[in-house]
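I have placed the structure first, in the form of structure tokens, so that the comments after it can refer back to it.
All ligand and atom numbering here is 1-based and tracks the order in the structure.
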Amino acid sequence: MRPLGIFGGTFDPVHYGHLRTAFELLQALDLGEVRFIPAGQPPHRGAPSCGARHRLAMVRAAIADQPGFTVDDREVRSEEPSWTVTTLRAIRAEAPERPLCLIIGMDAFRGFTQWREWREIPTLAHLVIARRPGTSDPGPGDLRGLLEERAAAGALDLHAIPGGRILVHEGTPLEISSTALREMILAGRDPRYLLPDPVRAYIRDTGCYVPQPTR
Ligand code: ATP
């Protein structure tokens, strides 16, 4: 069974930095699927600007025409904060033998030791770390140690066992962030070509990211 890519995030909103990263990994690692899992209540940051229902709808709109991309709404449906370790345990229980590849950007990896039960996470899945412009590799310490201990030689390593390896992926560097997009939209500028047209249309139609006038 080809590995399952798991791509969690706030996706507030989803953009081409996410989508291109997922697409390159689908191909480069010969993944069977990349599953986008929007966080309901992300525990490591402030409340998202846009509600979970909207963020989920934008991810659905963004991936609709890409075979192999799927969306999983379990974290949005849950009443609990979106702990990655909880989600991974649930997916592992559903697919005990399947290689799982948790996809995260280097910026997220640098904060990894703040995640709940972070030492457990690489035992449940492989980690695939996407480089991100402006974020360097971690310096000496726990994370550097983890990278060295668990380094995968290549994609084949990720197919061979269900989890436990770490691969740093050199993709196309795209300096796009949801924060910059929110600021752009708030300032009345058009985010076109930084995110898919259906997402742009959704934002325009719903007024997400633009403060609603008080009546
Ligand atoms: P924000 O600016 O609101 O923090 P973001 O653009 O970082 O948002 P998230 O939804 O927080 O987007 O990111 C989900 C995952 O995708 C994270 O692991 C993040 O590191 C990764 N990611 C986001 N943007 C990129 C990008 N341009 N290139 C590579 N990885 C990215």
Are R144 and D137 within salt-bridge range, i.e. N to O under 4.0 Å? no
Would you call E117-R89 a salt bridge at under 4.0 Å N-O? yes
Got a salt bridge between R74 and D72, using NZ or NE/NH1/NH2 to carboxylate O under 4.0 Å? yes
Pair D197 + R192: basic N to acidic O under 4.0 Å: yes
Could you say whether the N/O atoms of I103 and ligand 1 ever approach to under 3.5 Å? no
Hey, is T179 touching ligand 1 through its side chain, its backbone, both or neither, going by heavy atoms under 4.0 Å? both
Of all the atoms in ligand 1, which lie at a distance below 4.0 Å from a heavy atom belonging to G8? 14 (C), 15 (C)
Heavy-atom distances under 4.0 Å are what count here, so tell me which part of H15 touches ligand 1: side chain, backbone, both or neither. side chain
In ligand 1, the atoms that come under 4.0 Å of a heavy atom of L174 are 26 (C), 27 (N)
The atoms of ligand 1 lying under 4.0 Å from a heavy atom of S178, numbered in the order shown, are 1 (P), 2 (O), 3 (O), 5 (P), 6 (O), 8 (O), 12 (O)
Which of the atoms in ligand 1, numbered in the order shown and given with their element, are less than 4.0 Å from a heavy-atom of A108? 18 (O), 20 (O)
Please list, one pair per line, the donor and acceptor atoms closer than 3.5 Å that link side chains of residues 1-10 to other protein atoms, with sequence neighbours excluded.
residue: R2; atom: NH1; partner: D30; partner atom: OD1; Å: 3.1
residue: T10; atom: OG1; partner: R45; partner atom: NH1; Å: 3.4

Tell me which part of R182 gets within contact of ligand 1: side chain, backbone, both or neither, using heavy atoms under 4.0 Å. side chain
Answer with yes or no whether the hydrophobic clustering places V168 together with L29; edges join I, L, V, M, F, W, Y residues whose side-chain heavy atoms lie under 4.5 Å apart. no
Show me which atoms of ligand 1 lie under 4.0 Å from any heavy atom of G9. 10 (O), 14 (C)
